[in-house]
Amino acid sequence: ASSLVYMGNNTLFVASHHGDSQLYQIDPETNAMLLIKSLSNNAPILDFSIMDMGNREGDAQAGNAFSSGQSRIVAGCGAYQDGSLRSIRSGVGLEERGILDELDGTRGLFTLRSYNSDLVDTLVVSSITETRILSFDTDGGIEEVYSFQGMEQDTETLLASNLPNGQLLQITPKSVVLLDPESGVAVSRWDVPTGKSITRASANTKWALLSVDGTSLVSLNLLQNLAVNVQQTQAEPGSQQPDQISCIHAARDPPDIGVVGWWSSGRISLIDMATFQPLHGESM
């Protein structure tokens with residue numbers, strides 16, 4: 001799995017990088033997961049060959065010697081335990097509904113509401129060197145804007161979101177900023193210590209949870225002017241090096257719960273965002 005998305009109503013979408021994507025129904029009483037639907041994913045195609053299957057009615061060749069009308073692409077798809085040989089029918093096409101722009105090196109996409117808008121009408125496109133912002137109007141027009149509510153655009157954006165109190169949250173590798181959408185002025189700001197960098201970020205309506213250099217956990221209270229709480233990771237017993245943070249998630253509900261994954265120990269920990277006290281852990 002490359003991404004997990006909770007779809008509501010006890011359904012979970014599992015997106016795969018090199019296997020079929022799946023939709024599951026979760027039974028909260030038994031914690032069982034029932035596969036509802038599997039969505040074919042042929043990527044990555046590592047090799048393929050075009051096979052002429054001949055005319056199915058007696059293999060008589062039609063006038064065109066280059067095509068019998070029954071071609072197949074036989075492809076080596078997927079990888080590892082998800083690897084397979086697949087027969088793909090020729091003639092399956094893709095319809096382009098719209099192309100925004102030639103955007104190279106995209107690392108993150110975020111959707112926002114513009115000031116005084118009830119609609120999600122702004123797309124933030126983040127790359128490793130810059131942040132580009134596209135505005136959509138009600139008639140379907142798309143325009144790139146070079147100034148948006150005070151956001152920094154000359155750096156990568158790790159996270160951007162509208163908060164319930166109307167403020168705009170932007171997290172970059174060097175800072176966390178709360179912006180007033182009307183004036184574009186920074187209401188609150190937290191900068192990482194010199195020489196360090198935010199490597200991962202997640203946020204809900206109350207907290208921003210950060211990983212700094214993969215070795216420090218930082219939580220910022222979005223309702224208290226980014227009041228900060230920092231905890232340095234600890235070394236595993238028998239190891240001289242601290243365990244590295246692999247992934248983080250700020251739970252939407254309840255908002256005081258954070259989730260942290262660890263590389264070396266292979267553990268997933270539930271923590272209290274205000275104190276970093278561990279609430280529960282599971283070994284993978």
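No experiment lies behind these values; they were computed from the predicted model shown.
Cluster annotation: L159 and W190 are assigned to the same hydrophobic cluster (Ile/Leu/Val/Met/Phe/Trp/Tyr, side-chain heavy-atom contacts under 4.5 Å, transitive). Using a 4.5 Å cut-off between side-chain heavy atoms of Ile, Leu, Val, Met, Phe, Trp and Tyr, with links allowed through other members, L179 and F148 fall into the same hydrophobic cluster. By the rule that hydrophobic residues join a cluster once side-chain heavy atoms approach within less than 4.5 Å of another member, I248 and L158 end up as members of separate clusters. Cluster annotation: V176 and V192 are assigned to the same hydrophobic cluster (Ile/Leu/Val/Met/Phe/Trp/Tyr, side-chain heavy-atom contacts under 4.5 Å, transitive). L220 and V230 fall within the same hydrophobic cluster, where Ile, Leu, Val, Met, Phe, Trp and Tyr residues are linked whenever their side-chain heavy atoms come under 4.5 Å apart, directly or through other members.
Within a 6.0 Å radius of CG in N9, other residues, nucleotides and ligands contribute 12 heavy atoms or fewer. By the neighbour-count criterion of 12 heavy atoms within 6.0 Å, atom CZ of F48 is sparsely surrounded, having that number or fewer from other residues, nucleotides or ligands. Summarising the local packing, CG of L279 is surrounded by more than 12 heavy atoms from other residues, nucleotides or ligands at distances under 6.0 Å.
Put simply, the side chain of S219 gets close to the backbone of M273: a donor and an acceptor are under 3.5 Å apart. A donor-acceptor pair is defined here as one N or O able to donate and one able to accept, closer than 3.5 Å; no such pair exists between the side chain of D139 and the backbone of G141. Of the possible donor and acceptor atoms, one in the side chain of S202 sits under 3.5 Å from a partner among the backbone N and O of A250. Of the possible polar contacts, none joining the D256 side chain to the A274 backbone as a donor-acceptor pair under 3.5 Å is found. Without hydrogens or angle criteria, D213 side chain to S197 main chain gives a donor-acceptor distance under 3.5 Å. At least one donor-acceptor pair closer than 3.5 Å links the side chain of T275 to the backbone N or O of Q277. No side-chain donor-acceptor contact under 3.5 Å links S161 to the backbone of L169. A donor-acceptor distance shorter than 3.5 angstrom exists from the side chain of T131 to the backbone of T155, with no hydrogens or angles considered. Judged by distance alone, the side chain of D243 and the main-chain N or O of S264 form a donor-acceptor pair under 3.5 Å. When atom types are taken as modelled, the side chain of N221 and the backbone of A227 share no donor-acceptor pair closer than 3.5 angstrom.
We find the CZ-CD1 distance between F276 and I271 to be 5.0 Å, quoted to the nearest 0.5 Å. Considering CD of Q22 and CE of M33, their distance stands at 8.5 Å, rounded to 0.5 Å. Rounding to the nearest 0.5 angstrom, the gap separating the CD1 atom in I171 from the CD atom in E156 is 12.0 Å. From C77, atom SG reaches atom CG of D82 across 11.5 Å, with rounding to the nearest 0.5 Å. Taken to the nearest 0.5 Å, the OG atom of S188 stands 11.0 Å off from the CD atom of Q224. Atom OG of S84 sits about 7.5 Å away from atom CG of D20, to the nearest 0.5 Å.
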Original post:
Could you walk me through whether R107 and S127 pass the side-chain hydrogen bond (donor to acceptor under 3.5 Å, both in side chains) check?
Top reply: CA-CA 5 Å; R107 292 165 62 93; S127 69; over 6 Å; no
**OP:** Take Q25 and N10 through the side-chain contact (heavy atoms from CB on, under 4.5 Å) test and state the conclusion after the steps.
**Re:** CA-CA 6 Å; Q25 182 76 41; N10 294 326; 3.6 Å; yes
Original post:
Please walk me through it: do D137 and E143 pass side-chain contact (heavy atoms from CB on, under 4.5 Å)?
Top reply: CA-CA 8 Å; D137 61 34; E143 177 187 6; over 6 Å; no
**OP:** Evaluate the side-chain contact (heavy atoms from CB on, under 4.5 Å) criterion for residues D180 and Q167: first the C-alpha distance (whole Å), next the side-chain angles of each, then the deciding distance (0.1 Å), finally the verdict.
**Re:** CA-CA 5 Å; D180 176 70; Q167 293 177 345; 5.9 Å; no
Subject >> Residues K206, L222; criterion side-chain contact (heavy atoms from CB on, under 4.5 Å); working and verdict >> reply: CA-CA 5 Å; K206 184 178 179 181; L222 302 177; 5.9 Å; no
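Nearest heavy atoms, S175 versus D191: CB-OD1, 3.2 Å. I268 approaches G261 most closely through the heavy-atom pair CD1-CA, 3.8 Å. Residues E152 and R189 share a closest heavy-atom pair of OE2-NH2, 3.3 Å. Considering every non-hydrogen atom in both G214 and T199, the closest pair reads N-OG1, 3.6 Å. Residues A1 and V14 come closest through the heavy atom pair CB-CG1, 3.6 Å. Closest of all the heavy-atom pairs between R267 and G281 is NH2-CA, 3.1 Å.
Just one of L226, L168, N225 meets the side chain to side chain contact (heavy atoms under 4.5 Å, CB included) condition when paired with L178; it is L226. Just one of S269, S246, S283 meets the side-chain hydrogen bond (donor to acceptor under 3.5 Å, both in side chains) condition when paired with W262; it is S269. Of the residues listed (I133, I142, T111), the one engaging L123 in a side chain to side chain contact (heavy atoms under 4.5 Å, CB included) is T111, and it is the only one.
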Please report, to 0.1 Å, the donor-acceptor pairs under 3.5 Å made by any side chain of residues 36-43, with sequence neighbours excluded.
unit_1	atom_1	unit_2	atom_2	d
N41	OD1	A43	N	3.1
N41	ND2	S16	O	3.3
N41	ND2	G19	O	2.9
N42	OD1	R86	NH1	3.3

